[in-house]
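Given the structure is predicted, the values throughout are model-derived calculations rather than measurements.
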Amino acid sequence: MDGYPLFSLVPWTVFLPVIGLLLNLLVGKRLGEKGIGLIASLASGLAFVVSVLLAIALKGHPEAVTIPLAEWITVGEFNLSWAFRVDTLSVTMMLIVTGVGTLIHLYATGYMHNDVRHNGDPERYRRFFVFFNLFIVAMLILVSADNYLMLFVGWEGVGLCSYLLIGFWFEKGADGIGNARAAKKAFIVNRIGDFGLLIAIFLLFWNFGTLEFDGIFAKAAQAAPALLLAITLFMLLGVTGKSAQLPLYVWLPDAMAGPTPVSALIHAATMVTAGVYLVARSSPLYIQAPAAQMTVAWVGALTALLAATIAIGQYDIKKVLAYSTISQLGFMVAAVGMGAFVAGMFHLATHAFFKALLFLAAGSVILGMEHGEEHAAQGHSPGSHELDPQDMRNMGGLQGRMRTTFWVYLVGALALAGIAPLAGFFSKDEILAAAFQQTPAIFVLLIISAFFTAFYMGRQLFLVFFGKARSAAAEHARENPAIITVPLIILAVLSVLGGALNLPGVYTLEHWLEKSLAHVPKVEFTAWVALLSLAVALAGLFLAWLVYSQRRMPFKDTDPLARYLGGLFTAVYNKWWVDELYQAVIVRPYRRLAEFLAQPVDVGLIDGIANGLGSVSRSIAEQLRRFENGYVRSYALTILVGVAVIMAFLLFR
């Protein structure tokens, strides 16, 4: 088979990051920060090289190949191997995870050098990169799996890593436990979604007798429609957890508690894309369940709109991007729900470029603000005091002080807004075109979401980079070193050129993925949809300029947008009170029920049974202890009595 020797390299995409994390775990303490960062980055970078080699091999042999590594589960006639799947879909995800992930690793070597010192614990540098490599490992297992159970192992792995990294500074945050709460929230909310995926896997095994993709997909057309509907809807529950869609999106904004490289890795290249990948991978099931497809599309479209409205009222530079991620994931989920799998994957790829860029550039801004705050404190500048370096109300005027960060941020923001000819314009336009051709109502929701996207990105640009500095930290902010800015420049280039992956009339990505997807509908290029998309984006940016340009907004001043929107701005600032609704309807009643049941059930019944058994055992032991008196004559008498009883039993039986 042409290319087969290269296909056999696929386990190394996982082995290399594993080797990296083991080296850092075992000897990293002796190597210092440079050695730790080099090993972690090299492990991810070499995994990217292997992914490139796999892509080259697929050019000559585009059919899917399974590379078994070891026997895994054998029960009766059921046999499941730990096997890797090499096809264009899995390799596309490998390239994104390892390519963007490597750039984030390089950035993190510089960022975490400052972050661990700013937070007062340089010893955690090594722990961070062990967790970081583990995150890459888990995501690669997920996307390279040849069966649903192996996919679920990776699925749970990224959930564990998100918990570890979101709560990396677990003793920080509100009341000293704010970050720990954010990590716990992400973990628990994702367990709800994981329950849905697990039920879907149980149904697949129960009805198909296998968990391998090819075996299930071959039988999908003959399966009962009700069964496929149940399976795909339970999968959707998993998607709403991992890819932060309604109603389980609430964990993602709180994930900003983790260091900025964590935010970039979760939001751009790894965890949140898992749900979109799951639907694309399961396309043979979804095309047999049109009701499930439509449900997926509506969930995505409604999530895109809701999150976009919330983003316009946030002040934390990272939380704006977090809600933007939720919204853009809504675009992707809507696309795969409508059957436009290539459009969804196209936007997944371009979004990985410009959202990683935006998060890392936001981290550069935060570092610049922290340096400025330290400088202001040393010089006792008027107004120098401890402030939130992530609050955009404390920024302003950074364009002249952080020029490289400004220009790359501008590229990322315009790509996200959908301005031609940047990557986001092409991928978003393809989703809008698919929606217009198939479901006009979803098209309307998405085009409104696109307008809000351009507006909140324009708002962020003006608040952060333009006008006058609104704090001493902003006045003294400075640009970061090359280890921070070079990865940003590379991602900016990708954000400019990424649209070439699937240009109208070329359909490179479409041809690449058609062997891996069950159905690749033709999305016709519609000139007026593209022009409308561009006009809406420009209108959003223009409105942001009208509201925020050249304003000197003091920290305590009312947001100018609030003057126009009034109570509506209060609603979006408070995120439509969804978290409060969850607290009132689910969390507090659950806690009250738990407290109510704790005494009669937990303490009274369960502990009572356990304590009762313990008391009985102790009473029996106390009675038996009387025979253990230490006198030999007592033991001899006991033996004699025992022998007599045995003899009597044998004689009179």
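- No close placement of the Tyr548 and Phe462 rings is indicated, their centers lying 6.0 Å or farther apart.
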Under the side-chain hydrogen bond (donor to acceptor under 3.5 Å, both in side chains) rule, what do Thr325 and His267 come out as? Steps first, then yes or no, please. CA-CA 6 Å; Thr325 298; His267 288 240; 3.1 Å; yes
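- Inspection of the Ser364 and Asn480 side chains reveals an N or O donor paired with an N or O acceptor under 3.5 Å.
- Side-chain contact check for Gln390 versus Val365: every heavy-atom pair is 4.5 Å or farther apart.
- Between Phe455 and Phe451, the ring-plane angle classifies as parallel under the 30° and 60° cut-offs.
- For the residue pair Trp576/Thr309, the side-chain donor-acceptor check at 3.5 Å is satisfied.
- Taking the charged nitrogens against the carboxylate oxygens, Asp559 and Arg459 do have a contact shorter than 4.0 Å, which makes a salt bridge.
- A donor-acceptor pair is defined here as one N or O able to donate and one able to accept, closer than 3.5 Å; such a pair exists between the side chain of Asn190 and the backbone of Ala186.
- Contact annotation: the side chain of Thr350 approaches that of Phe354 to within less than 4.5 Å [non-hydrogen atoms, C-beta and beyond].
- With Phe128 as reference, Leu165 is the one residue of Thr109, Asn133, Leu165 to meet the side chain to side chain contact (heavy atoms under 4.5 Å, CB included) rule.
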Under the side-chain hydrogen bond (donor to acceptor under 3.5 Å, both in side chains) rule, what do Asp121 and Trp169 come out as? Steps first, then yes or no, please. CA-CA 10 Å; Asp121 191 358; Trp169 297 112; over 6 Å; no
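- Classified by interplanar angle (parallel below 30°, tilted 30° to 60°, perpendicular above 60°), the ring pair Phe129/Phe132 is perpendicular.
- Ion pairing of Asp391 with Arg393 is present here, as a side-chain N (NZ or NE/NH1/NH2) and a carboxylate O approach within less than 4.0 Å.
- Rounding to the nearest 0.5 Å places CZ of Phe346 at 12.5 Å from NZ of Lys428.
- Contact check on Asp579 versus Lys185 returns a salt bridge, with a Lys/Arg side-chain nitrogen under 4.0 Å from an Asp/Glu carboxylate oxygen.
- Heavy-atom contacts from other residues, nucleotides or ligands closer than 6.0 Å to OH of Tyr163 number 12 or fewer.
- A donor-acceptor pair shorter than 3.5 Å cannot be found between the side chains of Thr485 and Glu479.
- With rounding to the nearest 0.5 Å, the separation of CG in Leu321 from CD in Gln460 is 4.5 Å.
- Interatomic distance, NE2 of His105 versus CZ of Phe135, reported as 10.5 Å (0.5 Å rounding).
- Side-chain contact, Gln314 with Tyr456: no donor N or O sits under 3.5 Å from an acceptor N or O.
- Side-chain contact between Met94 and Ser144 is present, with at least one heavy-atom pair separated by less than 4.5 Å.
- With values rounded to the nearest 0.5 angstrom, Phe131 atom CZ is found 8.5 Å from Cys161 atom SG.
- Using cut-offs of 30° and 60° for the angle between ring planes, the Phe406 and Phe466 rings count as perpendicular.
- Taking the side chain as every heavy atom from C-beta outward, Ile36 and Lys29 never approach each other to under 4.5 Å.
- Checked options Ile136, Thr98, Leu103; the residue passing with Phe48 is Thr98 (criterion: side chain to side chain contact (heavy atoms under 4.5 Å, CB included)).
- With no hydrogens or angles considered, a side-chain donor-acceptor pair links Asn502 and Glu430 at under 3.5 Å.
- Taking 4.5 Å as the limit, every side-chain heavy atom of Thr405 sits out of range of all side-chain heavy atoms of Leu398.
- Side-chain contact between Phe353 and Leu497 is absent, with no heavy-atom pair separated by less than 4.5 Å.
- In Lys172, the NZ atom is crowded: over 12 heavy atoms of neighbouring residues, nucleotides or ligands sit closer than 6.0 Å.
- A distance-only check finds no donor-acceptor pair linking the side chain of Arg478 to the backbone of Gly372 [under 3.5 Å].
- No more than 12 heavy atoms of other residues, nucleotides or ligands sit less than 6.0 Å from atom OH of Tyr573.
- Between the side chains of Tyr249 and Thr303, no donor-acceptor pair of N or O atoms lies under 3.5 Å.
- One finds the CG atom of Asn394 at 12.0 Å from the OH atom of Tyr315 (value rounded to the nearest 0.5 Å).
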Apply side-chain contact (heavy atoms from CB on, under 4.5 Å) to Leu488 and Leu357, showing your working. CA-CA 6 Å; Leu488 300 181; Leu357 168 61; 4.2 Å; yes
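- Comment: Arg117 does not engage Glu374 in a salt bridge, judged by the lack of any side-chain N to carboxylate O separation of less than 4.0 angstrom.
- How far OG of Ser495 is from CG of Leu358: 7.5 Å, rounded to the nearest 0.5 Å.
- Panel note: side chain Trp251, backbone Gly241; a donor-acceptor pair is recorded below 3.5 Å.
- Using a 4.5 Å cut-off on side-chain heavy atoms (C-beta onward), Thr273 and His351 make no contact.
- With a 6.0 Å cutoff to the six-membered ring centre and a 45° limit on the axis angle, Arg124 counts as a cation-pi contact of Phe170.
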